[in-house]
Amino acid sequence: MTVRTRFAPSPTGFLHIGGARTALYCWLEARRRGGEFLLRIEDTDRERSTDAAVKAILEAMQWLDLNADEAPIYQTHRLERYKQVALDLVAAGKAYYAYESKDQIEAMREAAMARGEKPRYNGYYRDRNEPYRDDPNRVIRFKNPLEGSVVFDDKVKGTVEWSNAELDDLVIFRSDGWPTYNFAVVVDDIDMGITEVIRGDDHVNNTPRQINIYHALGGKVPEFAHLPMILDKEGKKLSKRTNSVSVMEYRENGFLPHAILNYLVRLGWSHGDQEIFSREEMIALFDVADVNKAASRFDTEKLLWLNQHYLKTDDPHTLAPEFEWHLARAGVDISKGPAPADVIVALRDRVQTLKDMAERAKIWYGPIIEWDDKAVAKHLKNESAVQVLQLARELLAACEWKPEPIHHVIEQIAATLELGMGKIAQPLRVAMTGTQVSPSIDHTVFLAGRDVSLKRIDDAVALARG
RNA sequence: GCUCCCAUCGUCUAGUGGCCUAGGACACCGCCCUCUCAAGGCGGGAACACGAGUUCGAACCUCGUUGGGAGCGCCA
């Protein structure tokens, strides 16, 4: 039987970090075992689901390159199916209509809590065999077994046992005519032929009741793997109020999809001391059974390190499209200026994100917007600096425009004027960028191009004298 | 309240009874390199939550304590 996994987000918001890891693990597990990875949109909550969220999730999945093997399934398209299955269950005596109002249920819960018990439905209509009636409060409840217990072997949690006495007769069909989560999930997973259910461990508690539904429906119970949560830096639940949680927000902040995936795969899983995993290695090495049981914290510092690692090691031409996306967002016009791939090479040892890189790249794509006063005062306002700039102008005007000859020009200035490199590079750097910080001076000059370089030197000399 | 889950450096983790005076990585600190900023190289500090047991021997097994977390919806 082919392995089939699925990622089943509810479209109530963007794809967040936790969801991305779940999706990655599902995808990886399917890939390693030569199976299929599917996507299901759980949009039965019509109050909170939006088309924009569906779009955002699909877009993020695509950006991460976690592609599904079949078109996504939408639960809203399957209403008739759920209805039919629920009705069959009623006909088979495995489910029943109940008519309590929400207030009555609430009172029931409070009473149970007051008795020190777990709040649960009391099964009033379970065996009453009352005739069907039209009622705004009408729901369908599942007849959960009264005795015994449910045992399942979770791939990450180990053996989990749940007494049926803990479970009540859950609603599987709401009074508004829509199925509930626990029911729809089981119907879908059976219909979709899902063999491995990999999801967040906030669902462990739902699993026993879902298994009971599997039995009632005669479906084969899949394997379960419940992933521990991802917490924020303080060890609290990730919340969008205090953290960046949206995958696409990470994109906007200059992270690479593979860096995010690499970070995520190591959060809760490891392969010896290895930190860097290519896609192929992830697929070959990852096994959901090796995932840790404990929750882990999201550490942006390490993600930053991985991001720069890929910035430094990936082929700049591969990186260029994503970088151009950032340049465009930063309002940079790249029609005049160096090739983005060259800029990547010049800056990748100096920044950790593409966003920062785009910001720093501005020195090559437009005029100097503002001069750093301190830099000007320290490195331009002296006679030696002016001498350096004038000689540089003369030599650069004539030299071949490649990094090596430009580097040679710098050395020549140092020799002629008998100055240390610091006395050459800094004035030139301030002239070229308006600041004291940039890549090595020869590259900075090279990327600016001859015309721009000469113009900037002239401006700087004028500034130094004015 | 009830049920379930979890527990190694600040963080991610290695570790499945002797190889552990606990290894790696991020972060941090120091030194080196150096035209700035970085990157890089070298080095350093830093953890088995606690208490009992089992055992010749426990980070690894058992029990308890403490501390975290999840769930208990006509949300998913």
Side-chain angles (χ1 to χ4, degrees), chain A residues 8-12 42-45 47-49 75 98 100-102 105-106 109 112-121 137-141 154 157-158 160-163 165-168 170-182 184-185 199-208 226 228-229 231 233 235-237 263 266-276 292-306 308 312 347-352 360 375 379 410 414 420-430 433 435-442 444:
Chain A
S10 61
T12 53
E42 309 215 322
D43 51 0
T44 52
D45 183 347
E47 299 272 303
R48 299 194 300 150
S49 300
Q75 291 192 322
E100 285 89 354
S101 68
K102 289 182 185 179
I105 298 292
E106 187 53 36
R109 273 196 199 99
M113 286 275 256
R115 273 180 268 122
E117 291 169 15
K118 202 168 171 172
R120 52 203 297 281
Y121 175 65
N137 288 326
R138 187 189 65 239
V139 297
I140 298 178
R141 283 182 181 272
D154 192 280
K157 302 277 175 198
V160 178
E161 179 166 5
W162 218 280
S163 170
E166 290 296 323
L167 276 20
D168 63 358
L170 73 154
V171 171
I172 58 173
F173 236 84
R174 300 186 224 148
S175 55
D176 68 0
W178 285 87
T180 58
Y181 166 76
N182 281 112
V185 163
R199 72 223 314 187
D201 73 1
D202 44 334
H203 288 293
V204 198
N205 304 283
N206 287 324
T207 306
H226 287 96
M229 305 208 66
L231 276 13
K233 202 164 173 102
K236 300 288 176 199
K237 197 170 176 173
Y263 178 72
R266 279 286 287 103
L267 202 57
W269 174 84
S270 63
H271 179 72
D273 289 339
Q274 189 170 345
E275 296 289 350
I276 305 299
N292 287 156
K293 294 176 174 187
S296 43
R297 302 183 189 204
F298 192 88
D299 180 14
T300 311
E301 295 297 332
K302 187 162 181 183
L303 208 209
L304 244 11
W305 171 76
L306 274 166
Q308 187 176 27
K312 287 187 300 188
L347 289 172
R348 62 184 174 182
D349 284 341
R350 300 175 159 75
V351 296
Q352 293 184 296
R360 298 256 224 130
H379 298 293
I410 309 285
M421 283 301 270
K423 292 285 181 196
I424 313 289
Q426 283 310 81
L428 213 40
R429 188 174 336 262
V430 177
T433 69
T435 73
Q436 302 186 60
V437 177
S438 87
S440 65
I441 191 61
D442 43 1
T444 302

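Values below: every heavy atom of this structure, side chains too, minus hydrogens, waters and symmetry copies. Below, read A as the first sequence line, B as the second, and so on, with proteins coming before strands; counting in each chain starts at 1.
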Kindly write out the residues that satisfy side-chain hydrogen bond (donor to acceptor under 3.5 Å, both in side chains) with [X], not counting sequence neighbours, or none if the list is empty.
| X | value |
| --- | --- |
| A:Ser163 | none |
| A:Asn205 | none |
| A:Lys118 | A:Glu166 |
| A:Asp299 | none |

Holding to side chain to side chain contact (heavy atoms under 4.5 Å, CB included), I want the full list of residues that pass it with A:Arg297, two or more places apart in sequence or in another chain. A:Leu231
Partners passing side chain to side chain contact (heavy atoms under 4.5 Å, CB included) against A:Glu161 (at least two apart in sequence or in another chain): A:Ser149, A:Val151
Determine, for nucleotides 71-76 of chain B in 5'-to-3' order, which nucleotides have protein heavy atoms under 4.0 Å from the base (write B), from only the sugar-phosphate (write S), or from neither (write -). BBSBBB
Heavy-atom protein contacts under 4.0 Å, nucleotides 8-13 of chain B, coded B base, S sugar-phosphate only, - none: ---SBS
Output all residues satisfying salt bridge (Lys or Arg N to Asp or Glu O under 4.0 Å) with [X], sequence neighbours left out; order by chain, then residue number.
| X | answer |
| --- | --- |
| A:Arg120 | none |
| A:Glu301 | none |
| A:Lys157 | A:Asp201 |

Using a cut-off of 4.0 Å on non-hydrogen atoms, how would the nucleic acid contact of A:Glu106 be classed: base, sugar-phosphate, or nothing? nothing
Nucleotide N/O to protein N/O under 3.5 Å, stretch nucleotides 42-46 of chain B:
none

Does the side chain of A:Lys157 get closer than 4.0 angstrom to OP1 or OP2 of B:C5 through an N or O atom? no
